[in-house]
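Note that the numbering runs from 1 along the sequence shown for the chain.
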Amino acid sequence: EAVTDSAGVRPIWCGDAPPPLEALLRKRVIWQELVVDAAVQGDRGLALQAMQVDDAAIPPEQSARLLDALLQHNRGLVPTFERHRRGRRS
């Protein structure tokens, strides 16, 4: 939880999370970090890892095809993947 006002964003301390909730949150944070790292670095491997960590994961071979389709359909929206792909072709 947090409060946002003219002073900025401040956390509200709620105590330690119960272990099951902490485990769920930790997995979600790891997924978010993988997604961000993949986008910032243009790293297809990290993007595939993020897809497999997600709770709605599909089989790896389907993930690879889906990622290719997503990158193709969203060409230009995540330029780091474009730069990375061009760098491999050189």
Side-chain angles (χ1 to χ4, degrees):
E1 302 256 357
V3 173
T4 304
D5 58 20
S6 61
V9 179
R10 296 184 317 276
I12 298 173
W13 175 251
C14 298
D16 292 334
L21 176 59
E22 183 180 350
L24 288 171
L25 294 173
R26 186 175 309 271
K27 183 177 180 182
R28 184 56 51 192
V29 168
I30 289 168
W31 174 78
Q32 291 169 344
E33 289 174 346
L34 280 169
V35 169
V36 170
D37 289 345
V40 168
Q41 297 173 29
D43 188 318
R44 186 175 184 279
L46 288 177
L48 285 170
Q49 286 180 39
M51 292 175 78
Q52 290 304 298
V53 169
D54 190 279
D55 291 330
I58 58 177
E61 56 280 352
Q62 291 177 3
S63 294
R65 287 194 304 270
L66 177 59
L67 178 59
D68 290 339
L70 287 168
L71 291 174
Q72 179 65 30
H73 182 73
N74 292 287
R75 177 165 266 154
L77 296 177
V78 187
T80 52
F81 281 99
E82 309 253 339
R83 286 193 296 271
H84 189 62
R85 183 175 24 243
R86 282 192 303 261
R88 283 189 300 185
R89 289 183 187 160
S90 311

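- Rounding to the nearest 0.5 angstrom, the gap separating the CG atom in Leu77 from the CZ atom in Arg75 is 11.0 Å.
- Across all their heavy atoms, Phe81 and Ala47 have their closest contact at CZ-CB, 4.1 Å.
- Between the side chain of Gln49 and the backbone N or O of Val35 there is no donor-acceptor pair closer than 3.5 Å.
- Residues Leu25 and Trp31 are members of separate hydrophobic clusters, defined by side-chain heavy-atom contacts under 4.5 angstrom among Ile, Leu, Val, Met, Phe, Trp and Tyr.
- Of the possible polar contacts, one joining the Thr80 side chain to the Ala39 backbone as a donor-acceptor pair under 3.5 Å is found.
- Without hydrogens or angle criteria, Asp43 side chain to Leu46 main chain gives a donor-acceptor distance under 3.5 Å.
- To the nearest 0.5 angstrom, Asp68 atom CG is 4.5 Å from Arg44 atom CZ.
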Chi angles and distances behind the side-chain contact (heavy atoms from CB on, under 4.5 Å) call for Leu67, Leu48: CA-CA 7 Å; Leu67 178 59; Leu48 285 170; 3.7 Å; yes
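- Contact record, Asp54 with Ala56: OD1-N, 2.7 Å, taken as the closest heavy-atom pair.
- Arg26 and Glu22 are joined by a salt bridge, as a carboxylate oxygen and a charged side-chain nitrogen come within less than 4.0 angstrom of each other.
- Met51 and Val78 end up in the same hydrophobic cluster when Ile, Leu, Val, Met, Phe, Trp and Tyr side chains are linked at under 4.5 Å.
- Considering all non-hydrogen atoms of both residues, Val53 and Lys27 come closest at O-CE, 3.2 Å.
- For the pair Glu82 (side chain) and Gly76 (backbone), a donor-acceptor distance under 3.5 Å is present.
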